Protein chains: 2
Amino acid sequence: MPQARRKRSETAPGAATLHLTRFLPYRLSVLSNTVSHTVAKLYEKRFGITIPEWRIIAVLGGRETLSAGEIAQRTAMDKVQVSRAISRMLDSALILREAGDTDRRKALLTLTPKALDIYTQIVPLALAYEDQLTHALTEEEAALLDRLLTRMQAQADQLASAPEQRLPKT
Amino acid sequence: MPQARRKRSETAPGAATLHLTRFLPYRLSVLSNTVSHTVAKLYEKRFGITIPEWRIIAVLGGRETLSAGEIAQRTAMDKVQVSRAISRMLDSALILREAGDTDRRKALLTLTPKALDIYTQIVPLALAYEDQLTHALTEEEAALLDRLLTRMQAQADQLASAPEQRLPKT
DNA sequence: TTGCAACTGTTTCATATGAAACTAAACTGT
DNA sequence: ACAGTTTAGTTTCATATGAAACAGTTGCAA
């Protein structure tokens, strides 16, 4: 969504201006913050867990056993954040850690029954929220949004790794 | 975009599961972070400003004069963040503050020529990035995305203010 | 006028964050 | 076998953050 009705790649006439409320990165940030904050309210107070903790519960919820590194990948969090969240979850008995047999650097992590119970309770709430959010859209629009997000994420990943070469085509 | 191909509002069969990578709030968060991080790289090092500072420059870039509170509203940042960013920008001579005539609580804020110069340099870069990002989309898709984001933001705002009544229709 | 509530912006304080340094374990090549 | 390198995860440190308390200003009503 380029600026206002300005056509993509159209050369700016005089001094280019930018309206924050129409700037895609800004809009994504505001929407994401609004949504995250609301979802966090679903579990923060009720279950006493944080956003990183919820994400870890979510990826381990299928009864999988993963290492900290694998969790970091799947949740798109960095390893420090994961490490700290796991440490909290060990304290609150939400997670089990056992040393790996083949590689003792990798610890195998599993949810405790207590955490699985929380998972079971949160999932319907989270899905219901997602459902409510997409109520603003038709079925077709929701399906299209899915594809658009996938493509934009791929593009954003590309631009993140090598933005300099592509961008200043000014 | 409800879970996988599950139809919206369909009753979950057994234990509901949630795949983070298909969960809309999660996807928005990852995309937003990727994008914000890349955009920040455009100006952080080159001009030595932070994300909050860039946002303030962006809203004042049209040579407007606003109070701190108005800036907070338009940038969707909280007043503490705005206060601190302004204080840094006063130090680095990016902003001018003069007491309001009618109401001495409100300080009138304007960009200095130095900040306007930064604005002029960043805007094309920011617009070029937005352009590159939407290259993953056709014109029609970009236009639709615009509308979808607007509607989802409105819906997210609604759900944020009174989520409890609506959500647990389980 | 003066007392009180509402408002604007700043500061404090406790917590969260990420980059970089670090520890320990496991490969690699000689 | 063992020095050098890579990998997994933790800790340190400096900074960022937001909630709540705060100070100063204004508006309103008795």
Side-chain angles (χ1 to χ4, degrees), chain A residues 29-30 32-34 36-41 43-45 48-56 59-60 65-92 95-110 160, chain B residues 29-30 32-34 36-41 43-45 48-56 59-60 65-92 95-110 160:
Chain A
S29 169
V30 172
S32 169
N33 285 344
T34 310
S36 291
H37 187 249
T38 305
V39 173
K41 281 203 295 188
Y43 51 75
E44 273 183 341
K45 201 177 171 187
I49 60 175
T50 63
I51 297 181
E53 284 166 42
W54 150 243
R55 285 190 174 180
I56 290 175
V59 292
L60 292 178
T65 294
L66 300 175
S67 71
E70 290 167 328
I71 290 177
Q73 278 195 327
R74 298 215 198 172
T75 56
M77 301 192 285
D78 78 75
K79 60 177 183 172
V80 177
Q81 213 172 0
V82 171
S83 171
R84 284 195 267 239
I86 287 173
S87 143
R88 281 194 303 268
M89 294 171 81
L90 285 168
D91 290 346
S92 50
I95 221 168
L96 281 176
R97 171 162 63 183
E98 44 183 338
D101 273 355
T102 62
D103 188 339
R104 258 174 311 175
R105 287 172 309 180
K106 296 187 187 176
L108 304 177
L109 302 163
T110 325
Chain B
S29 168
V30 173
S32 169
N33 285 343
T34 309
S36 290
H37 187 248
T38 305
V39 172
K41 282 204 294 188
Y43 50 76
E44 274 184 341
K45 201 177 170 187
I49 60 174
T50 63
I51 295 180
E53 284 166 42
W54 150 244
R55 284 192 175 179
I56 292 175
V59 292
L60 291 178
T65 294
L66 301 174
S67 72
E70 289 166 329
I71 289 177
Q73 277 194 326
R74 298 214 198 173
T75 57
M77 301 192 285
D78 78 75
K79 61 177 182 171
V80 177
Q81 212 172 1
V82 170
S83 170
R84 285 196 265 240
I86 287 172
S87 143
R88 282 195 301 270
M89 293 171 82
L90 286 170
D91 289 346
S92 49
I95 221 169
L96 281 177
R97 172 161 62 183
E98 45 184 337
D101 272 356
T102 62
D103 188 340
R104 256 174 311 175
R105 289 173 306 182
K106 297 186 186 177
L108 305 178
L109 303 163
T110 324

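Just so it is clear: chains get the letters A, B, ... in the order the sequence lines come, proteins before strands, and each one is counted from 1. All of these numbers come straight from a predicted model, not from anything done at the bench.
- One interatomic measurement links the two molecules: CE of B/Met89 to P of C/dT10, which rounds to 13 Å at whole-angstrom precision.
- Atom CZ of residue B/Arg84 and atom OG of residue B/Ser87 lie 9.5 Å apart, to the nearest 0.5 angstrom.
- Distance A/Arg55 CZ to C/dT17 C1': 14 Å, rounded to the nearest Å.
- One interatomic measurement links the two molecules: CD1 of A/Ile51 to C1' of C/dT17, which rounds to 13 Å at whole-angstrom precision.
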Protein-nucleotides 8-11 of chain D N/O pairs under 3.5 Å:
from: D/dG9; atom 1: OP1; to: A/Ala68; atom 2: N; distance (Å): 3.3
from: D/dG9; atom 1: OP1; to: A/Ala107; atom 2: N; distance (Å): 3.4
from: D/dG9; atom 1: OP2; to: A/Gly69; atom 2: N; distance (Å): 2.6
from: D/dG9; atom 1: N7; to: A/Lys79; atom 2: NZ; distance (Å): 3.2
from: D/dG9; atom 1: O6; to: A/Lys79; atom 2: NZ; distance (Å): 3.0
from: D/dT10; atom 1: OP1; to: A/Arg97; atom 2: NH1; distance (Å): 2.6
from: D/dT10; atom 1: OP2; to: A/Ser83; atom 2: OG; distance (Å): 2.7
from: D/dT10; atom 1: O5'; to: A/Ser83; atom 2: OG; distance (Å): 3.4

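- Atom CD in A/Glu44 sits roughly 10 Å away from atom P in D/dA19 (whole-Å rounding).
- Contact between B/Ala68 and B/Ile86 at its shortest, heavy atoms only, is CB-CD1, 4.0 Å.
- Within the model, atoms CD1 of A/Ile56 and CZ of A/Arg74 stand 13.0 Å from one another, a figure rounded to the nearest 0.5 Å.
- A rotation axis mapping the C1' atoms of four pairs onto the next four is fitted at both ends of the helix from C/dT1-D/dA30 to C/dT30-D/dA1 over five pairs, and the angle between these axes is 10° to 10 degrees.
- Between the NZ atom of B/Lys45 and the P atom of C/dA19 there is a distance of 14 Å, given to the nearest Å.
- Dense packing is recorded around CG of A/Asp91, with more than 12 heavy atoms of other residues, nucleotides or ligands lying under 6.0 Å away.
- Taking each heavy atom of B/Gly48 and B/Glu53 in turn, the nearest pair found is O-OE1, 4.2 Å.
- Taking B/Arg105 as the reference, B/Asp103 meet the salt bridge (Lys or Arg N to Asp or Glu O under 4.0 Å) condition, with sequence neighbours excluded.
- Look at CD on A/Glu53: it is 15 Å from P on C/dT15, rounded to the nearest Å.
- Contact of the B/Ser29 side chain with the A/Arg55 side chain is registered, since non-hydrogen atoms from C-beta on lie closer than 4.5 Å.
- Contact detail for B/Leu109 and B/Ser67: the closest heavy-atom pair is CD1-C, 4.1 Å.
- Taking atom CG of A/Asp78 as the reference point, atom C1' of C/dA21 lies 15 Å away to the nearest angstrom.
- The CZ atom of A/Arg104 sits 7 Å away from the C1' atom of C/dA25 (whole-angstrom rounding).
- Contact annotation: A/Gln81 reaches the phosphate of C/dG18 (side-chain N/O to OP1 or OP2, under 4.0 Å).
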